[in-house]
Structure formats: structure tokens, C-alpha cells
2 protein chains.
Amino acid sequence: MRGKQSLAHTSLLVLSLLSRQDMYGYQMISTLEQKLDRTFALKEGTLYPILRELESQGAVSCYEQEVSGRVRKYYHLTRKGKRLLAEEREQWDRYARAINTVLELS
Amino acid sequence: MRGKQSLAHTSLLVLSLLSRQDMYGYQMISTLEQKLDRTFALKEGTLYPILRELESQGAVSCYEQEVSGRVRKYYHLTRKGKRLLAEEREQWDRYARAINTVLELS
DNA sequence: ATATGATACATTGAAATACAAGGTATGTCA
DNA sequence: TGACATACCTTGTATTTCAATGTATCATAT
């Protein structure tokens, strides 16, 4: 379970957010902060590399839009991204079930 | 969520196993392999550093026992270890709930 | 007018985590 | 005798994440 297997749960969160609507980086961060009130926070240094990676994989496309003088970079989930979301979601379910299985023994 | 916060779930598994009975390293690995049939595997390079860390924290104590010529190193969960288990278990629950919260939105 | 804080992007260096690959040594069984 | 399971362990590397930092614009209050 090197890296990818055990984690990669952060990109799952990003993909999941984008499955509802196109979003820009800062919006993802503040949405999660609001939704997950102090459970954990998604940081810029984590998010932007993930977005770049997802884009290079073709899982998200991206376009800029000016809103009241500020340029926002919106990300959009592609068909490929939707498949990836489904995969990662299933991986997460398996992972969580596995941990809970062990915990239930004690 | 740097390292500790998001993961550290592996030590939770180890603590959980030890809460049922004293175990030796190889036994933990094979028990998990058997229990979690191909979901993931706990590897030596992961386990032994964790055991050393838990021991240095006083969460586990350790004794050797010879069984049919082979020396096994058993680990025992201390009171401190039980407290740590409770903490990590709660952390895991919060973490899993948080992820599921985001997933349910999509 | 200007300072402060929120919005919005991004990078860099360091720490934590996990594993692959390797090593040692003994018991068991064909 | 050789192969495989048991049992311990370490080293080097890849991955993931964050803290810290930087840039720039807008809104608001002073």
C-alpha cells in the first residue's frame, strides 16, 4: 500500500467536488473548509499539484473566467475524470471497509 | 493534514490487533493478509518501524519467547497504548465521516 | 488615501509515510 | 539437499502533504 493505494483520497475529494459543478481552486478549499469544519483542511500546496496532475491525465479540463476584475481558473470534470472518480470511490470504499473490519475485531 | 492527520491509520491497525492479544510481527502480517484478503498488505518495511515507534512511545511493551526453536518477539498493548488506540480510532472515524460527507454530495 | 483582510493564483523545501528490495537465520518436508 | 515457510530487520526511494512564502487584485473601514 505504497502512497497511492492507501491515500490518494485527496484527489477523490477534488474529483467529487467537481462532479457537482465546475469550480476554481480557492472555491474548493473554502468549500471543504466550510463542509468539513475543522476535521481537516485542504491546503494550496496540496491542491494545486493535484489539479495539475489531474489535468495532465485528462481527468479535468480547465478554463479561465473573469469575475469582477478577478481571473478565476475553473476546472471541469471530463468523461475520463468521471471514470476516475468512480474508480477512486470504489477504492476508498474497499479501504474503509478493510479498516473497519479489523477494528470490529477488537 | 500533514502525514499524521490524514494517515497514521496503519498504526491504528497494529494497535487494534494487539488489543485482542499479544502478537509477534510476522503474525500481524499474516493475520491481516488473511483477514483483508488482497485489499492491502502490511509490509515488513512498514510494520517494524511502527512497532519501534510505538515501543519508544510506551504504547507497547515487548518480550521474547522461544517456540519450537524459533525466537518470537511478542508485543503487548500497554495502558498507554489502549488510550492511543481509542484516540486513533476516533480520529479514523472523524476522517472517514468527513470523506463520506463530501462523497454524499455528489 | 491607505491599511487590512479576503480573494485568487502558485512554488519551494522539508517532513511523514509506505514499500520494494535486500539481508540473516532457523525449521519443515519432500 | 533444496525449497519453502517462518521470523527477524534495514536501506533507499517514491509519494503525499504541508508550512512558508510570494504575487496581485478587490472590498472595506479608518
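Chain A is the first sequence line, chain B the second, and so forth, proteins listed ahead of strands; every chain is numbered from 1.
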### Message
If only side-chain N and O atoms count, and only distance matters, is there a donor-acceptor pair under 3.5 Å linking B/Glu88 with B/Ser11?
### Response
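B/Ser11 vs B/Glu88: donor-acceptor pair found between side chains.
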### Task
Consider only side-chain N and O atoms of B/Glu87 and B/Gln91, and report whether a donor and an acceptor are under 3.5 Å apart.
no
What's the [atom1]-[atom2] distance between [X] and [N], to the nearest Å?
X       : N      : atom1 : atom2 : result
B/Leu42 : D/dC8  : CG    : P     : 12 Å
B/Glu44 : D/dA5  : CD    : P     : 14 Å
B/Leu51 : C/dA18 : CG    : C1'   : 14 Å
B/Ile29 : C/dC19 : CD1   : P     : 10 Å
B/Tyr75 : D/dA7  : OH    : C1'   : 11 Å
B/Tyr24 : D/dT6  : OH    : C1'   : 8 Å
B/Leu54 : C/dA16 : CG    : C1'   : 15 Å
B/Glu64 : D/dA7  : CD    : P     : 13 Å

Does a nitrogen or oxygen in the side chain of [X] sit under 4.0 Å from OP1 or OP2 of [N]?
X       : N      : result
B/Tyr26 : D/dT6  : yes
A/Tyr48 : C/dC9  : yes
B/Thr10 : C/dA18 : yes

### Query
Which nucleotide, D/dA19, C/dA8, C/dC19, lies nearest any side-chain atom of A/Lys43?
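Among D/dA19, C/dA8, C/dC19, the one nearest the side chain of A/Lys43 is D/dA19.
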### Message
From the set C/dA10, D/dT10, C/dT11, return the single nucleotide nearest to any side-chain atom of A/Arg52.
### Response
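Among C/dA10, D/dT10, C/dT11, the one nearest the side chain of A/Arg52 is C/dT11.
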### Validation row: A/Leu18, A/His76 side chains within 4.5 angstrom (heavy atoms)
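No, every pair of side-chain atoms sits at 4.5 Å or beyond.
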### Residue met sooner reading DNA chain D from 5', once B/Pro49 and A/Ile50 are mapped to nucleotides
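Between the two, 5'-proximity favours B/Pro49.
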## Note on the structure
On DNA chain D, more 5' by nearest nucleotide between B/Gly45 and A/Leu47 is B/Gly45
### Query
Where does the angle between the aromatic ring planes of A/Tyr95 and B/Trp92 fall among parallel (under 30°), tilted (30 to 60°) and perpendicular (over 60°)?
perpendicular
### Task
Would you please name every residue forming a salt bridge (Lys or Arg N to Asp or Glu O under 4.0 Å) with B/Arg94, sequence neighbours left out?
B/Glu90
Tabulate below the donor-acceptor pairs under 3.5 Å that side-chain atoms of residues 62-72 of chain A make, not counting sequence neighbours, or state none.
residue, atom, partner, partner atom, Å
A/Tyr63, OH, A/Asp22, OD2, 2.7
A/Arg72, NE, A/Tyr24, OH, 3.4
A/Arg72, NH1, A/Tyr74, OH, 3.3
A/Arg72, NH2, A/Tyr24, OH, 3.3

#### Entry: side chain to side chain contact (heavy atoms under 4.5 Å, CB included) between A/Thr78 and A/Val60, worked out
CA-CA 5 Å; A/Thr78 63; A/Val60 303; 5.5 Å; no
Check nucleotides 26-30 of chain C for protein N or O atoms closer than 3.5 Å to its own N or O atoms and list the pairs.
residue, atom, partner, partner atom, Å
C/dT26, O2, B/Arg70, NH1, 2.9
C/dG27, O4', B/Arg70, NH1, 3.4

### Task
Would you indicate what B/Gly25 reaches in the nucleic acid, counting non-hydrogen atoms under 4.0 angstrom: base, sugar-phosphate, or nothing?
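Sugar-phosphate contact only.
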